[in-house]
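Heads up, the thing below is written out as structure tokens.
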Amino acid sequence: EAMACNSCVVTQSFNELSIYFRPGIEVLTYNNDRELISLIDYYLKNEKLRNWISENGYNRFIQDHTWEKRWLSVIKDIEKINNNE
């Protein structure tokens, strides 16, 4: 939802995230509290870079993750399953 509002998203790192977004380009990630604090401190001081991340995330969201595109993907997956039966 935050990406849909063109906001810079900061989230804890997890493996599956890179399937959907490019960490460091479309979303900011951290592994521990120290990294989180450092990340927030850095990006609060670097508005241009923070806005660049926001724009990239928003564009990726619009390109791949609207409700319509996600449901089309679900339908394709269901069709694949049904075709293999």
Side-chain angles (χ1 to χ4, degrees):
E1 194 172 312
M3 277 188 192
C5 296
N6 201 9
S7 297
C8 185
V9 173
V10 179
T11 188
Q12 190 167 13
S13 183
F14 58 97
N15 292 335
E16 295 82 8
L17 180 66
S18 63
I19 295 170
Y20 304 103
F21 296 99
R22 295 176 297 172
I25 297 173
E26 298 166 337
V27 62
L28 299 174
T29 62
Y30 64 92
N31 293 305
N32 56 53
D33 292 348
R34 193 171 357 133
E35 273 187 23
L36 174 60
I37 292 166
S38 177
L39 197 66
I40 290 172
D41 184 50
Y42 179 80
Y43 282 95
L44 283 175
K45 294 175 184 174
N46 291 282
E47 183 178 1
K48 276 187 167 183
L49 192 51
R50 186 176 69 240
N51 290 339
W52 180 76
I53 298 279
S54 298
E55 280 294 315
N56 292 338
Y58 175 77
N59 290 334
R60 180 67 179 269
F61 172 82
I62 293 300
Q63 177 184 326
D64 295 333
H65 302 295
T66 61
W67 69 267
E68 181 180 14
K69 291 178 182 180
R70 298 303 300 152
W71 273 108
L72 288 173
S73 176
V74 169
I75 291 168
K76 283 182 187 178
D77 289 344
I78 292 170
E79 288 173 348
K80 285 180 192 176
I81 291 168
N82 287 336
N83 289 333
N84 288 332
E85 292 184 327

(request) Take atom OH of Tyr58 as the centre, draw a 6.0 Å sphere, and report whether it contains more than 12 heavy atoms from other residues, nucleotides or ligands. (result) no
(message) Ile53 and side chain to side chain contact (heavy atoms under 4.5 Å, CB included): which single residue from Asn46, Leu28, Val10, Val9 fits?
(response) Leu28
(request) For the residue pair Ile40 and Tyr30, establish whether any side-chain heavy-atom pair is separated by less than 4.5 Å. (result) no
(message) If you define the side chain from C-beta out and look only at heavy atoms, does anything of Tyr43 sit under 4.5 Å from Leu49?
(response) yes
(message) So does Arg34 get a backbone contact from the side chain of Ser38, meaning a donor-acceptor N/O pair under 3.5 Å?
(response) no
(request) Calculate, to the nearest 0.5 Å, the distance between atoms SG and CZ belonging to Cys5 and Phe61 respectively. (result) 8.5 Å
(request) Output yes when a side-chain donor or acceptor of Arg60 lies under 3.5 Å from a complementary backbone atom of His65, and no otherwise. (result) no
(request) Would you confirm whether Asn59, through its side chain, and Glu55, through its main-chain N or O, come within 3.5 Å as a donor-acceptor pair? (result) yes
(request) Count the heavy atoms of every other residue, nucleotide or ligand shown that sit under 6.0 Å from CG of Asn32, and state whether that count exceeds 12. (result) yes
(request) Calculate, to the nearest 0.5 Å, the distance between atoms CG and CH2 belonging to Leu72 and Trp67 respectively. (result) 8.5 Å
(request) Nearest 0.5 Å please: distance from the CG atom of Asp77 over to the CD atom of Glu79. (result) 9.5 Å
(request) Check the hydrophobic clustering (I, L, V, M, F, W, Y; side-chain heavy atoms under 4.5 Å; chains of links allowed) and say if Ile25 and Tyr20 are grouped together. (result) no
(request) Find out whether Met3 and Val27 are in side-chain contact, i.e. whether some heavy atom of one side chain is under 4.5 Å from a heavy atom of the other. (result) yes
(request) Answer with yes or no whether the hydrophobic clustering places Trp52 together with Leu44; edges join I, L, V, M, F, W, Y residues whose side-chain heavy atoms lie under 4.5 Å apart. (result) yes
